[in-house]
Each structure stands twice: as structure tokens, then as C-alpha cells.
Protein chains: 2
Amino acid sequence: MTTDTTSRRGELLRIAARLFAEKGFKNTTVRDIADAAGILSGSLYHHFDSKESMVDEILSSFQDELFGRYDEVLSSDADARAKIDAAVRISFETIDSHGHEVAIFQNDADYLGGFDRFGYLAERNVQSRQVWMTLLTEGIESGALRRDLDIELVYRFIRDTVWVAVRWYRPGGELSHHDVADQYLTILLDGIAAG
Amino acid sequence: MTTDTTSRRGELLRIAARLFAEKGFKNTTVRDIADAAGILSGSLYHHFDSKESMVDEILSSFQDELFGRYDEVLSSDADARAKIDAAVRISFETIDSHGHEVAIFQNDADYLGGFDRFGYLAERNVQSRQVWMTLLTEGIESGALRRDLDIELVYRFIRDTVWVAVRWYRPGGELSHHDVADQYLTILLDGIAAG
DNA sequence: CACCCTACCAAGCACTTGCTTGGTAGGGCT
DNA sequence: AGCCCTACCAAGCAAGTGCTTGGTAGGGTG
């Protein structure tokens with residue numbers, strides 16, 4: 001046999017991530033994961049402490065990567081509109097490259113947040129809000145964005161719309177993540193009304 | 001005792017709907033529902049065939065009501081923009097008045113759709129798409145909406161954004177559903193960019 | 001009074017769940 | 001050859017799951 005030992009663990013995590021994304025964390029059993037990997041459920045515990053620690057590893061490494069990219073945008077010296085543009089594009093790129101992780105976060109963060117070990121999920125939410133509020137405030141003060149909107153609502157609008165696309169976006173489909181981001185930014189910035 | 005016999009069933013359904021919305025269908029046990037109602041789990045089966053039939057009843061009656069309202073808008077003689085406006089407002093009103101049902105549909109439709117008895121969920125999705133594509137096509141042809149957008153994408157953005165608000169909107173909070181709809185329609189139609 | 005009906009209880013069954021335990025195959029290293 | 005290490009198997013346990021069964025309290029109706 002000799003499956004590459006260094007990657008077997010990662011392979012199991014990828015399999016688990018796919019199932020968690022498709023069926024939800026609670027609704028995915030360790031036997032589901034083991035079946036998909038061609039082993040028995042008990043054998044998973046040679047690699048991982050628990051089902052929770054699997055999803056923990058999946059989500060935490062994903063979040064670290066994502067917020068690293070946000071930080072790059074925040075600290076860049078582009079103008080407000082360009083930064084908002086960049087932050088939106090990061091989201092759609094992430095849905096393209098890490099769709100499973102995004103789906104798990106979207107669907108199961110509420111449930112997982114109830115456990116101590118997933119406290120960082122709530123922290124990341126706060127952090128995400130700060131990123132966007134900074135960008136939007138910058139946009140309004142620089143005159144790039146209109147002043148007559150509720151900034152809190154605009155934030156929620158963007159956050160929800162951007163991430164919920166994971167429900168229908170499929171990598172390799174007709175529309176690339178660039179296409180989707182282009183269209184979304186057009187709607188967000190200029191609206192769907194004529195003239 | 002003598003709890004009003006005609007409403008006891010409905011009361012149990014309301015309790016179940018709240019729990020399904022808060023914790024998800026699969027993650028809500030019949031013991032959770034019974035506890036919240038102050039009875040034993042087995043006693044639920046005097047009123048309902050199964051846990052599935054509870055959520056079935058909750059969702060189907062809700063869907064009937066919702067699509068009845070869409071039909072009214074479609075068959076009205078208002079202009080395209082007014083119809084889109086009305087359809088969006090229906091959604092936020094529904095989130096206000098039937099938040100639990102909307103949440104269940106948003107979170108568990110995928111899972112429930114796997115069972116035969118919930119085939120109407122997929123049908124309703126098709127129907128919803130038709131409603132919106134009709135409205136958007138009408139809007140473009142009448143000149144109310146711009147022609148340079150992917151209509152399929154516009155539909156998805158509207159659908160997702162409108163319903164995902166159930167995640168944060170709370171009836172009786174600072175913002176009424178009218179406020180939210182106003183702001184949302186402004187963003188959707190005219191965008192967030194200045195002048 | 002006798003009877004019925006609604007709403008419930010008490011107990012438990014069959015199954016699924018996450019996880020544990022003791023053991024094994026087989027490649028690599030000395 | 002002897003040994004270790006990684007990856008896995010085989011079996012099963014305790015808790016939790018949806019649901020069933022036989023029974024009961026108590027108000028309403030004839």
C-alpha cells in the first residue's frame with residue numbers, strides 16, 4: 001500500500017470538508033467520512049481526536065488564510081473604491097478556491113459557535129465587520145460612496161450577498177469568479193436601474 | 001386542564017417551528033420540542049405522524065401563502081419597477097411575519113428536498129425563479145432596468161440577498177421591515193456609489 | 001350514571017451516533 | 001533477522017435518536 005504518509009491526513013480532511021459542506025456538519029457521520037475514504041470509522045481516530053477537531057482544523061486554517069488577504073487590502077495604499085473592489089474580489093476568489101470551507105462556515109458557524117473551542121469564529125465575525133466598516137467609512141468620507149445609506153445595513157448587504165453565492169457558484173462552470181465579481185460590483189456600486 | 005383543543009396542535013407547530021429555525025431540523029430532537037411544550041416526547045405522536053410531517057405542515061402552508069402573494073403582484077397592472085418593488089417588499093414582510101418558516105426553508109430545504117414528500121420545495125424554487133425572471137424581463141423590456149447585466153445573475157443576487165436577511169433581521173428591532181426594504185431597494189436599483 | 005374523546009404519561013424498542021480498545025499488516029531501518 | 005512505525009481492522013459500548021405501545025385523567029354529552 002503505502003499511501004503517501006504526509007498527505008493521508010490532508011486527504012482525509014479534504015474528504016471530510018466536502019461532506020461537511022454538502023450535508024452539514026451534524027448531518028455528516030464519521031462513518032460517512034470513513035466510507036468515502038475507504039476505511040472503517042474507528043480508523044479515523046488514528047488521525048484525529050474527534051469529529052470536531054476535523055472541522056476545527058478545516059475552518060481555522062481557512063480563516064487564517066482569508067483574513068491574511070483582507071489585511072493586505074486594508075494596508076494597501078489604493079483608494080477606497082479600489083479597496084472595496086479588491087475585498088469583494090477576494091470573497092469570490094475564495095468561494096472559487098475554498099468553496100467547501102466557505103459553505104461550512106456559512107451553514108454551521110452558528111452551531112459550532114456554541115462550543116468553546118470555536119470561539120474564534122465569533123472573533124472572526126467581529127474582525128470581518130471591522131474590515132468592512134473601515135472600508136465603507138473610508139469610501140463615504142472620500143466621497144466615493146453616497147452618504148444617505150445606513151452603513152450597518154450596507155455592510156450586512158455586502159457580507160450576505162458575497163458569501164451566499166457559495167450556494168450556487170460552481171468552479172469550472174459557465175461563469176468564472178471574475179465574471180461573477182464584475183457583475184456583482186456593477187450592481188452593488190451602480191444598481192440595476194437604467195440611466 | 002383543557003387547553004383549547006383546536007389550538008393545541010397549532011401551538012405545538014409554532015414551538016416546533018421556532019426550534020427548527022433556531023437549531024435546524026435535523027439537530028432538533030422530538031424531545032426538544034416536547035420539553036419546550038411541557039410534555040413527553042411520545043405525546044407528540046398523538047398529534048403528528050412524525051417529525052417530518054411537522055415540518056411538512058409548517059413549510060407547505062407557509063409556501064402556499066407566500067406564492068399567493070407573488071401571484072397578486074404578477075397579475076397586477078402596475079409597471080415593471082413597481083412590481084419589482086412590491087415583490088421585494090413581500091419578502092421582507094414575510095421575514096418579519098414568518099421568520100421561522102423562512103429560516104427553515106433557507107437552512108433545511110436542501111436536506112428535506114431529498115425526501116419524496118418534499119418534492120414541492122423544488123417546484124416552488126422553479127416557480128420563484130419564474131416569477132423573478134418574468135419581473136426582470138419585463139423591467140428590461142420596458143426600459144426600467146439596464147440591459148448590460150446577466151439576468152440570471154441578477155435573479156440570484158436578489159433572491160439570495162432578500163432571503164438571507166432572515167439571519168439577522170429581528171421583528172421589533174431598531175429597523176422595521178419597511179426600513180430594510182427601503183434601503184435594500186435603493187442599493188439594488190441605484191447602487192452605493194456616489195453620484 | 002355510562003360512555004366517549006382529547007390530551008397526555010410511562011416504559012421501552014430498534015437503530016444510529018461518536019468514540020474506544022486491543023490487535024495486525026507491511027514497509028523501512030539497523 | 002529483529003524492531004519500530006504508520007495506517008488500518010474488528011468488535012463493541014454508552015448515549016442519544018425517532019417512534020410505538022398500552023394505559024389513564026378528566027371534561028363533555030347522552
Side-chain angles (χ1 to χ4, degrees), chain A residues 1-59 104 107-108 111-118, chain B residues 1-59 104 107-108 111-118:
Chain A
M1 274 300 289
T2 326
T3 323
D4 186 344
T5 60
T6 59
S7 77
R8 182 53 170 160
R9 194 186 154 85
E11 194 182 339
L12 292 173
L13 279 182
R14 277 193 298 278
I15 290 169
R18 179 173 57 80
L19 290 170
F20 289 155
E22 284 171 2
K23 314 181 29 167
F25 174 74
K26 193 81 193 298
N27 196 28
T28 301
T29 71
V30 293
R31 282 170 181 82
D32 288 337
I33 301 169
D35 283 353
I39 59 178
L40 292 183
S41 66
S43 303
L44 284 174
Y45 292 84
H46 169 70
H47 300 277
F48 307 99
D49 282 344
S50 65
K51 185 178 142 184
E52 270 178 41
S53 76
M54 290 189 221
V55 78
D56 191 352
E57 223 167 296
I58 291 166
L59 285 181
I104 296 169
N107 297 327
D108 294 311
Y111 171 73
L112 295 173
F115 301 92
D116 285 347
R117 73 188 302 170
F118 292 102
Chain B
M1 276 297 286
T2 328
T3 324
D4 185 346
T5 58
T6 58
S7 76
R8 183 53 168 161
R9 196 186 151 85
E11 195 182 336
L12 293 173
L13 279 181
R14 278 192 298 276
I15 290 169
R18 179 173 57 79
L19 291 170
F20 289 156
E22 285 170 0
K23 315 179 31 165
F25 174 73
K26 193 82 192 298
N27 195 30
T28 300
T29 71
V30 292
R31 283 170 181 80
D32 288 337
I33 301 169
D35 283 353
I39 59 179
L40 292 182
S41 67
S43 304
L44 284 173
Y45 292 83
H46 170 69
H47 300 277
F48 307 98
D49 284 344
S50 64
K51 184 177 142 184
E52 270 178 41
S53 77
M54 291 188 220
V55 78
D56 191 352
E57 225 168 297
I58 291 166
L59 285 181
I104 296 168
N107 298 328
D108 295 312
Y111 170 72
L112 295 172
F115 300 93
D116 284 347
R117 73 187 302 171
F118 292 102

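Proteins come first, then strands; the chains are lettered A, B, ... in the order of their sequence lines, and each starts at number 1.
Rounding to the nearest 0.5 Å gives a distance of 6.5 Å between OG1 of B:Thr28 and CD1 of B:Ile33. Atoms CD and CG, from B:Glu22 and B:Asp32 in turn, are 10.5 Å apart once rounded to the nearest 0.5 Å. The CD atom of B:Glu11 lies 9.5 Å from the NE2 atom of B:His47; values are rounded to the nearest 0.5 Å.
Position along DNA chain C of the nearest nucleotide to A:Asp32 versus A:Asp49 favours A:Asp32 as the more 5'-ward residue. Mapped onto DNA chain C by nearest heavy atom, A:Ser41 and B:Ala37 fall at different nucleotides, with B:Ala37 at the one closer to the 5' end. Of the residues near DNA chain D, A:Lys26 and A:Gly42, the one whose nearest nucleotide (by heavy atom distance) lies more toward the 5' end is A:Gly42.
For the residue pair B:Ile104 and B:Ala17, the shortest heavy atom distance occurs at CD1-O, 3.7 Å. Here the shortest heavy-atom pairing between B:Ile15 and B:Ala36 reads CG2-CB, 3.6 Å.
Residue A:Lys51 contributes atom NZ, which lies 4 Å from atom P of C:dG18 at whole-angstrom precision. In this structure, A:Phe20 places its CZ atom 12 Å from C1' of C:dG18, rounding to the nearest Å. Rounded to whole Å, atom C1' of C:dG18 lies 14 Å from atom CG of A:Asn27. Counting to the nearest Å, the C1' atom of D:dT17 and the CD atom of B:Glu52 are 14 Å from each other. The CD1 atom of A:Ile15 sits 14 Å away from the C1' atom of D:dC8 (whole-angstrom rounding). As rounded to whole Å, 17 Å separates atom P of D:dA11 from atom CD1 of A:Ile39. Rounded to whole Å, atom P of C:dG18 lies 12 Å from atom CG of A:Asp35. Taking atom CG of residue A:Leu40 and atom C1' of nucleotide C:dG23, one finds them 14 Å apart after rounding to whole Å.
In this structure, B:Ser50 reaches the sugar-phosphate backbone alone: every heavy-atom distance under 4.0 Å involves primed, P, OP1 or OP2 atoms, never a base. The residue B:Ser43 sits close to a base: some heavy atom pair falls under 4.0 Å. Here A:Ser53 lies out of heavy-atom contact (under 4.0 Å) with every strand.
B:His47 has a side-chain polar atom (N or O) that falls below the 4.0 Å cut-off from OP1 or OP2 of C:dC8. Taking only side-chain nitrogens and oxygens, A:Tyr45 never comes nearer than 4.0 Å to OP1 or OP2 of C:dT20. Look at A:Arg9 and you won't find any side-chain N or O under 4.0 angstrom from OP1 or OP2 of D:dT6.
Between the side chain of B:Arg31 and the base of D:dG16 there is no donor-acceptor pair of N/O atoms closer than 3.5 Å.
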